[in-house]
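Notes to accompany the following structure.
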Amino acid sequence: MRTIRTLASALAVSTGLAIAATSASAESVLRVAMTAGDIPVTIGQPDQGFEGYRFVGYNLYDGLVLWDLSQGDTAADIKPGLATSWEIDPNDDKRWIFKLREGVKWHDGCDFTAEDVAWNFARVSDESAPQFNAKQFAAIRNRTGIIDKVEILGDHEVAFITSQPDALFPYQLSYWFMISRCKLTELGNDYEKYAVDPSGTGPYKFDAFVPQERLELVKNEDYWDETRIPKHDRLVLIPMPEATTRAAALLSGQVDFVEAPSPDTIPRLESAGMQIVTAPYPHNWSYQLNFVDGPFKDVKVRRAANYALNRSEMKALLGGFMEEGYGVVPASTPYYGNPMFKYEYDPEKATALLKEAGCYPCEITLAISTSGSGQMQPLPMNELVKSQLDAVGFETNLDVMDWNALLDVGRPGREKNPEIDGINISRALQDPFSALIRHVYSKQHAPKGSNWGHYSNPEVDAVIDEIYSSFDPTVRMEKLTKLHEMMVDDAVKLMVAHDVNPRALAPNVKGFVQAQSWFQDLTPIVVE
Amino acid sequence: MTAYILRRLLYAIPIALGVSIVCFALVYIAPGDPLQTILPEDASAETIEMVKKAYGFDKPIPVQYAIWLGKVLTGDFGLSIATGRAVTDDLFKALGNTMLLATGAVVVAFSLAFVMGLVAGYHAGGPIDRGVTGIAVIGVSIPNYWLGIVMVIIFAVELNVLPATGMGPRGSDTFNFWEWDHFRHLLMPLVTLSMIPIGIITRTTRAAVAEVLNQDFVETLRAKGLSEFEILLHVVKNAMPQVLAVMGLQFGYLMGGSILVETIFTWPGTGFLLNKAILTRDLPVLQGTILILAMIFVATNLVIDLLQTMVDPRLKRS
């Protein structure tokens with residue numbers, strides 16, 4: 001009997017060991033090479049641009065509003081997140097009522113309630129709150145600045161009071177992540193500690209972190225959205241700023257998923273059996289123009305520049321990895337509309353327009369960068385633009401600087417840089433405000449907002465005001481479409497290209513659907 | 001001797017101050033702004049002002065410098081603007097990683113270069129000399145970032161025998177020098193980094209040895225009937241101070257970490273750290289890193305000077 005028991009227990013132990021060994025070796029891991037130079041911060045609002053939002057923000061955390069990234073056929077739009085529904089108060093167009101999702105737990109086990117929303121608002125707005133963080137404040141201020149107050153209406157209901165009517169308000173909330181009040185309080189509001197022990201409600205939980213090198217997340221088995229429980233066990237994020245290194249790491253099997261391989265490496269990656277995925281997304285490689293100081297204040301010169309560009313040559317330069325830009329947003333955007341002007345390559349017309357405008361030869365200076373987030377291949381692309389512009393009668397000077405310096409020209413606007421006629425900063429066009437309004441609204445004149453060249457047009461302003469007060473989505477879409485058409489017809493930008501955001505995946509990575517968005521959902525990925 | 005060392009250490013103080021002032025000033029003269037990194041692209045002027053205040057950038061530059069210096073004297077290098085982490089933590093970790101790489105490169109490059117230079121110098125003018133000089137010229141002339149990329153293509157992509165990037169399979173925290181699976185991450189960056197010092201030290205050693213061989217005392221030694229090996233020992237001893245000086249410089253450069261090589265191999269050392277800090281104008285990280293690297297350079301020079309004195313008593317300082 002004793003022997004049998006010993007045998008049985010030995011068997012049990014060895015089986016247990018075997019099972020443990022199998023499950024350890026069967027852990028499926030997705031390793032992603034990011035373009036960032038460091039791990040995005042984990043304390044809520046990430047840094048490293050939208051790449052930080054894509055890989056850290058939406059994985060560890062949720063917003064009240066999220067993006068629907070489940071398909072790649074049309075431009076992504078927002079969907080309920082930690083809020084299940086929202087509506088504008090029928091009696092007050094500055095009061096939004098949000099119903100919150102019930103039964104959601106933070107990674108630390110606490111319950112998600114309306115208190116958390118109010119606490120998170122204080123975290124990024126109230127300097128006297130113990131959880132306030134200046135960097136987080138800076139990172140989200142342009143989205144939450146419109147909120148005057150958060151009212152708790154019940155355990156799972158809140159109201160946001162905005163300083164002015166804003167029909168686009170739910171879009172702003174899609175960028176704002178909720179972090180755990182329980183956890184930060186437990187850590188004595190110490191963000192340095194919280195950074196290595198963060199707690200959200202997202203589909204992945206924090207596991208390990210080596211600064212500058214890797215962030216390891218594991219799947220959240222209890223994620224509230226069962227359709228988005230990750231189909232792999234572990235997600236490893238590795239910063240790899242050098243494009244050649246990323247391609248080599250994929251080819252040598254060190255990573256499974258690579259962001260932005262450079263176009264010249266793509267044929268090699270394809271020949272090694274890697275999957276290249278692309279999709280148009282709300283990105284615009286263009287120049288914001290100076291409407292006050294230089295020749296671009298004349299619409300004829302702006303149109304001439306747009307007619308001068310041979311965008312198919314640009315596409316060939318990038319190995320086909322771009323969409324030709326004839327509008328401010330890509331053609332698949334719901335509010336693209338039918339602009340009267342389509343700036344097909346027409347050098348004769350461009351020259352004629354320049355002569356008509358009395359600017360021939362027409363000297364312009366464009367500020368450009370050597371690299372940077374979303375800038376694609378800025379040097380060869382700008383050289384090509386220059387040669388095409390010069391061929392029709394422009395005399396283009398390129399003022400080359402590094403990315404940080406270009407941002408420094410970008411923020412203060414034309415007033416501080418009157419000698420610059422156009423600035424080449426790629427813009428994220430994720431939502432209607434970012435895509436259209438901020439570039440042309442007179443209330444957005446830099447340095448207050450992103451209207452770098454101080455475009456002012458009372459008709460455009462009137463349409464924007466109507467958009468802000470159109471709470472009916474159909475009416476709002478009509479107005480947005482009209483706004484986009486007006487912007488193209490008035491040639492408010494020198495429109496060049498929309499990136500298609502190539503990514504390279506190892507042959508054994510299955511199930512990824514590239515959404516038409518800056519953000520992507522990694523949860524459906526299966527690593528075979 | 002002790003007085004000499006103390007005096008040299010005292011000299012290091014104005015050097016450190018000078019380096020930190022120049023670095024502080026350069027970041028302000030260069031276009032760009034450290035806060036760009038943490039502000040969203042359409043941050044309003046009010047937000048920018050508020051954040052400037054929170055980070056102390058609203059104070060006059062000399063005041064900012066004084067505050068920074070005061071903290072450094074207590075060993076506090078501040079927090080990185082970009083990441084919010086303590087500069088000291090990131091800096092010393094990166095320094096350790098670079099030191100590992102640099103020490104490896106030093107061992108490989110110095111021993112190989114010294115032997116090659118010695119042989120070439122001894123046979124100056126002959127075919128061996130020409131061959132070695134050729135190798136040295138290649139070592140100096142090939143840009144090491146190019147060599148790094150080519151090696152990655154050959155050994156990681158085509159042959160798939162070495163990893164293309166990173167420090168160990170799970171990051172530097174778990175790196176174990178004695179395990180092959182970890183050690184092989186070190187190989188390509190190490191070889192890449194060794195090439196330039198190999199070239200420079202080989203040429204210096206060759207020149208020094210050839211020069212000493214032409215001196216009269218060698219003739220005297222030969223006349224005394226010493227073996228060629230014994231003669232060579234004398235020659236090496238006489239050539240050594242010159243070689244040591246160059247080795248010291250090279251060691252200093254290697255310790256600084258190569259921005260290009262570390263970026264290509266994503267090796268988390270000081271070069272990688274500096275690259276990121278420059279691009280984001282992360283002032284506290286830049287300041288701290290450059291200051292420490294400058295101090296290492298000063299210390300290396302001191303050690304080399306002392307070594308030279310030991311090898312060649314004629315150089316003895318008062």
Side-chain angles (χ1 to χ4, degrees), chain A residues 33 37-39 41 43 47 49 127 134-135 137-143 145 191-192 195 208 210-214 216 238-242 244-249 251-255 268 272 371 401-412 425 427-428 434 438 444 447-450, chain B residues 30-48 50-51 53-55 79-86 89-90 93-94 149 152-153 155-158 160 162-174 263-266 268 272-273 275-276 278-281:
Chain A
D38 201 343
I39 305 287
V41 297
I43 60 172
D47 60 348
E127 271 183 85
K135 198 170 152 182
F137 161 85
I140 195 63
R141 180 68 183 165
N142 56 335
R143 307 286 177 188
Y191 278 98
E192 256 193 278
V210 184
Q212 295 199 78
E213 293 174 61
R214 57 204 282 135
E216 300 199 10
I238 306 169
M240 232 178 258
E242 175 56 44
T244 327
T245 311
R246 288 198 297 278
L251 286 167
S252 62
Q254 278 189 280
V255 295
R268 174 71 184 85
S371 65
M401 50 196 91
D402 87 332
W403 177 231
N404 191 290
L406 187 69
L407 288 177
D408 213 25
V409 173
R411 274 193 215 287
I425 294 186
R427 295 290 187 179
S434 314
R438 62 177 175 155
Q444 284 285 323
K448 204 162 165 269
S450 301
Chain B
D33 185 322
L35 294 180
Q36 299 288 7
T37 322
I38 57 168
L39 290 162
E41 56 178 292
D42 45 8
S44 67
E46 294 97 307
T47 310
I48 294 175
M50 145 100 208
V51 175
K53 219 175 127 198
Y55 279 85
L79 299 180
S80 154
I81 294 169
T83 67
R85 292 193 295 264
D89 296 353
D90 278 11
K93 230 185 88 186
I149 291 174
V152 166
I153 293 173
F155 295 103
V157 174
E158 298 302 334
N160 213 343
L162 289 173
T165 164
M167 181 170 176
R170 299 206 62 184
S172 61
D173 279 4
T174 50
T263 303
I264 286 170
F265 292 104
T266 333
F272 194 65
L273 187 69
N275 182 21
K276 201 186 64 186
I278 291 167
L279 288 177
T280 57
R281 308 286 192 279

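A, B, ... follow the sequence lines: proteins, then strands. Residue 1 opens every chain. All of these numbers come straight from a predicted model, not from anything done at the bench.
Ranking A/N404, A/V41, A/L251, A/V255 against chain B, the residue ahead of the rest is A/N404, based on heavy-atom pairs under 4.5 Å. Counting heavy-atom pairs closer than 4.5 Å to chain B, the top residue among A/M401, A/R268, A/Q444 is A/R268. When each of B/P169, B/G84, B/A94, B/P163 is checked for heavy-atom pairs under 4.5 Å with chain A, B/P163 comes out on top. Chosen from A/R411, A/M240, A/R141, A/R214, the residue pairing most often with chain B at heavy-atom distances under 4.5 Å is A/R411.
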Query - Working for side chain to side chain contact (heavy atoms under 4.5 Å, CB included), residues B/T83 and A/D38 - result: CA-CA 9 Å; B/T83 67; A/D38 201 343; 3.3 Å; yes
Query raised in the report: Given B/R170 and A/E216, is the side chain to side chain contact (heavy atoms under 4.5 Å, CB included) satisfied, shown in steps?
Result: CA-CA 10 Å; B/R170 299 206 62 184; A/E216 300 199 10; 2.4 Å; yes
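No donor-acceptor pair closer than 3.5 Å links the side chain of A/T245 to the backbone N or O of B/F265. For the pair A/E192 (side chain) and B/R85 (backbone), a donor-acceptor distance under 3.5 Å is absent. Judged by distance alone, the side chain of A/E213 and the main-chain N or O of B/S172 form a donor-acceptor pair under 3.5 Å. Using modelled atom types, one side-chain atom of A/K135 and one backbone atom of B/A82 make a donor-acceptor pair closer than 3.5 Å.
At a 4.5 Å heavy-atom cutoff, A/P412 makes no contact with chain B through either its backbone or its side chain. Neither the backbone nor the side chain of A/R143 comes within contact range of chain B; no heavy atoms are under 4.5 Å apart. When heavy atoms are compared at a cutoff of 4.5 Å, B/T280 approaches chain A solely by way of its backbone atoms N, CA, C and O. In this structure, the portions of A/P211 lying under 4.5 Å from any heavy atom of chain B include both its backbone and its side chain. Of the two parts of B/Y55, only the side chain, counted from C-beta on, holds a non-hydrogen atom closer than 4.5 Å to a non-hydrogen atom of chain A.
Residues A/E242 and B/T266 fail the side-chain proximity criterion, which asks for heavy atoms closer than 4.5 Å. For the pair B/F272 and A/P241, the minimum side-chain heavy-atom distance is below 4.5 Å. Between A/Q212 and B/K93, every side-chain heavy-atom pair lies at or beyond the 4.5 Å cut-off.
A search for side-chain contact (heavy atoms from CB on, under 4.5 Å) contacts involving B/I153 returns B/I149, B/E158, not counting sequence neighbours. Every residue two or more places apart in sequence or in another chain that forms a side-chain contact (heavy atoms from CB on, under 4.5 Å) with A/A195 is listed here: A/T42, A/I43.
Between atom CG of residue B/N160 and atom CD of residue A/Q254 there is a gap of 9.0 Å, rounded to the nearest 0.5 Å. One finds the OG atom of A/S252 at 9.5 Å from the CG atom of B/L162 (value rounded to the nearest 0.5 Å). Atom NZ of residue B/K53 and atom CD of residue A/E127 lie 6.5 Å apart, to the nearest 0.5 angstrom.
Listed here is the closest heavy atom pair of B/V51 and A/A134: CG2-O, 4.3 Å.
Salt bridge status for B/R281 with A/D402: present, with a side-chain N to carboxylate O gap under 4.0 Å.
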